[in-house]
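Here the structure comes first, spelled out in structure tokens, and everything after it is commentary.
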Amino acid sequence: MNIQIFGKTKCFDTKKAERYFKERGIKYQLIDIIQKGMSKGELSSVKQAVGGYENLIDPNCKDKQLLGLVKYLREEDKGEKILENPKLIKTPVVRNGNKATVGYEADVWKSWE
């Protein structure tokens with residue numbers, strides 16, 4: 001398994017995801033999504049795995065104006081806006097190759113083992 005966790009430093013679900021993999025002795029790579037962000041390819045891969053941008057965007061994002069803007073953008077423009085503003089992404093985003101989850105999804109991760 002090649003696990004990548006994209007998360008925010010103050011996100012409790014990101015910390016729970018880290019603990020999940022650490023307790024099971026599974027190596028993972030933690031990436032601060034605010035500092036480093038995601039590449040265009042990574043975002044595209046995650047979008048396909050989770051079923052679209054709607055499932056990737058955090059409805060509880062603090063920046064409501066930006067959230068409203070992204071909601072009404074064309075599909076091809078949403079990706080660019082999300083790459084520019086990674087705070088819109090619900091965390092943690094956990095990738096295992098071409099599989100991915102958004103949020104704390106321990107049941108799905110268990111099926112990867």
Side-chain angles (χ1 to χ4, degrees):
M1 282 199 304
N2 187 17
I3 302 293
Q4 286 182 313
I5 302 173
F6 292 90
K8 300 172 189 163
T9 53
K10 294 184 179 180
C11 173
F12 290 113
D13 283 344
T14 299
K15 291 175 184 175
K16 283 171 47 180
E18 273 189 272
R19 191 173 33 232
Y20 176 89
F21 291 107
K22 197 178 285 185
E23 285 174 353
R24 286 156 182 76
I26 300 169
K27 290 184 180 180
Y28 62 90
Q29 177 186 14
L30 179 65
I31 299 152
D32 186 344
I33 202 163
I34 301 298
Q35 265 188 340
K36 304 265 191 211
M38 284 181 149
S39 73
K40 199 171 195 171
E42 287 169 334
L43 182 67
S44 176
S45 170
V46 169
K47 179 192 91 164
Q48 281 185 322
V50 300
Y53 290 123
E54 293 75 33
N55 298 330
L56 193 58
I57 295 173
D58 184 3
N60 301 320
C61 176
K62 291 180 182 174
D63 193 342
K64 297 299 180 192
Q65 281 186 320
L66 186 59
L67 192 59
L69 171 69
V70 169
K71 195 180 240 181
Y72 296 106
L73 284 175
R74 292 183 314 181
E75 194 68 20
E76 53 271 9
D77 295 334
K78 281 183 183 181
E80 288 298 320
K81 192 54 87 174
I82 291 170
L83 284 173
E84 291 170 17
N85 301 288
K87 62 186 172 191
L88 286 170
I89 299 173
K90 184 177 181 181
T91 54
V93 175
V94 181
R95 287 184 64 210
N96 179 19
N98 61 354
K99 301 174 195 162
T101 61
V102 177
Y104 186 79
E105 298 284 344
D107 296 336
V108 177
W109 304 334
K110 199 174 285 182
S111 72
W112 293 351
E113 293 177 33

Given side chain to side chain contact (heavy atoms under 4.5 Å, CB included), test I31 with I5 step by step and report yes or no.
CA-CA 6 Å; I31 299 152; I5 302 173; over 6 Å; no
Passes side chain to side chain contact (heavy atoms under 4.5 Å, CB included), V94 versus F21? Steps please.
CA-CA 11 Å; V94 181; F21 291 107; 3.9 Å; yes
Side chain to side chain contact (heavy atoms under 4.5 Å, CB included) for L56 and V93? Distances and angles first, verdict last.
CA-CA 9 Å; L56 193 58; V93 175; 4.3 Å; yes
Distance-only donor-acceptor pairs under 3.5 Å for side chains of residues 77-86, two or more places apart:
residue : atom : partner : partner atom : Å
D77     : OD2  : R74     : NE           : 3.2
D77     : OD2  : R74     : NH2          : 3.2
K78     : NZ   : E54     : OE2          : 3.1
E80     : OE2  : K40     : NZ           : 3.0
N85     : ND2  : K81     : O            : 3.1

List the atom pairs, donor and acceptor, that lie under 3.5 Å between side-chain atoms in residues 41-48 and the rest of the protein, sequence neighbours left out.
residue : atom : partner : partner atom : Å
E42     : OE1  : S39     : N            : 2.9
E42     : OE1  : S39     : OG           : 3.4

Show me, pair by pair, the donor-acceptor contacts under 3.5 angstrom made by side chains of residues 95-107, not counting sequence neighbours?
residue : atom : partner : partner atom : Å
R95     : NH1  : Q4      : OE1          : 2.9
R95     : NH2  : G97     : O            : 3.4
N96     : OD1  : N2      : N            : 3.4
T101    : OG1  : W109    : NE1          : 2.8

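Clustering ILVMFWY residues whenever any of their side-chain heavy atoms sit less than 4.5 angstrom apart, transitively, puts I3 in the very cluster that holds V108.
Within the structure, salt bridge (Lys or Arg N to Asp or Glu O under 4.0 Å) pairs that include any residue of residues 24-36 comprise R24-E113 (at least two apart or interchain). For residues 4-14, the set of pairs meeting the salt bridge (Lys or Arg N to Asp or Glu O under 4.0 Å) definition, not counting sequence neighbours, comprises D13-K16.
Within the model, atoms CG of L30 and NZ of K22 stand 9.0 Å from one another, a figure rounded to the nearest 0.5 Å. With values rounded to the nearest 0.5 angstrom, I57 atom CD1 is found 12.5 Å from N60 atom CG. Distance CG/L88 to SG/C61: 4.5 Å, rounded to 0.5 Å.
For the side chain to side chain donor-acceptor pair (under 3.5 Å) test, residues two or more places apart in sequence or in another chain that qualify with E18 are Y28. Residues satisfying the salt bridge (Lys or Arg N to Asp or Glu O under 4.0 Å) criterion with K87, sequence neighbours excluded, are D63.
Using a 4.5 Å heavy-atom threshold, the side chains of I33 and T91 count as touching.
The number of heavy-atom neighbours closer than 6.0 Å to NZ of K15, taken from other residues, nucleotides and ligands shown, is above 12.
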